[in-house]
Amino acid sequence: CLLLQGCQRTAAPALAPVSGVVTVAGKPCEGARVLFHPTTGRPAQATTDANGRYVLSTFAKNDGAIVGKHKVTVIDAQVANAPMPGTPEAKRKPAATTIVPAKYADAKTSELEVEVRADEENQIDLKLE
């Protein structure tokens, strides 16, 4: 009986759909990686399309984000896809030009905080300056 208690599943967290547009200085940001970091639980993520649009996924494609408060980070595509420093590939490639300000790439310095609400289509546009 005691062994079976360790195998009990915990209830999956409540998710809600989340989508939006990422802009930098008013222009759509293509290829940026968007992450919503909940207070507890798994982060949701997405990559923006050519129009800066994103749709979050946590456990399955486009299933949304955990309901509640989130810190948001946005990582520039140039940074996310850059080769590791010191590798031969890094020496061949010119330094990446970033569009997204570096402060948004770290949850400690990002000023973006949002709340995902249950039973809503959460349209959360991220306007970065």
ask   = Restricting to pairs with a member in residues 34-48, which pass side-chain hydrogen bond (donor to acceptor under 3.5 Å, both in side chains), not counting sequence neighbours?
value = R33-Q45, H37-T73
Identify every side-chain donor-acceptor pair in residues 60-68 under 3.5 Å, counting partners at least two apart or on other chains, and give the distances.
| unit_1 | atom_1 | unit_2 | atom_2 | d |
| --- | --- | --- | --- | --- |
| D63 | OD1 | T58 | N | 2.6 |
| D63 | OD2 | F59 | N | 2.9 |
| D63 | OD2 | A60 | N | 2.8 |

message = Hydrophobic clustering (ILVMFWY, side-chain heavy atoms < 4.5 Å, transitive) - are L126 and Y104 grouped together?
response = yes
Which heavy atom of [X] sits nearest a heavy atom of [Y], and at what distance?
X	Y	answer
E129	A25	OE1-CA, 3.9 Å
P17	E121	CG-OE2, 3.7 Å
C29	V100	SG-CG2, 3.7 Å

For residues 109-119, tabulate all N or O donor-acceptor pairs below 3.5 Å that involve a side-chain atom, not counting sequence neighbours.
| unit_1 | atom_1 | unit_2 | atom_2 | d |
| --- | --- | --- | --- | --- |
| T109 | OG1 | K103 | O | 2.7 |
| T109 | OG1 | D106 | O | 3.4 |
| S110 | OG | V72 | O | 2.6 |
| S110 | OG | L112 | N | 3.2 |
| E111 | OE1 | K103 | NZ | 3.2 |
| E111 | OE2 | K103 | NZ | 3.4 |

inquiry  = Test side chain to side chain contact (heavy atoms under 4.5 Å, CB included) on I75 and L35; report intermediate values, then the result.
reply    = CA-CA 8 Å; I75 302 169; L35 290 109; 4.0 Å; yes
query = Does Y54 have any ring pair (Phe, Tyr, Trp, His ring centres under 6.0 Å) partners at least two apart in sequence or in another chain, and if so, which?
reply = none
ask   = Hey, mind stepping through T23 and L128 against side chain to side chain contact (heavy atoms under 4.5 Å, CB included) and telling me if it holds?
value = CA-CA 6 Å; T23 55; L128 311 181; over 6 Å; no
query = Looking at residues at least two apart in the chain, or sitting in another chain, which of them share a side-chain contact (heavy atoms from CB on, under 4.5 Å) with Q123?
reply = S19, R53, D125
task = Mark yes or no for whether N122, through its side chain, and E120, through its backbone, hold a donor-acceptor pair below 3.5 Å.
result = yes
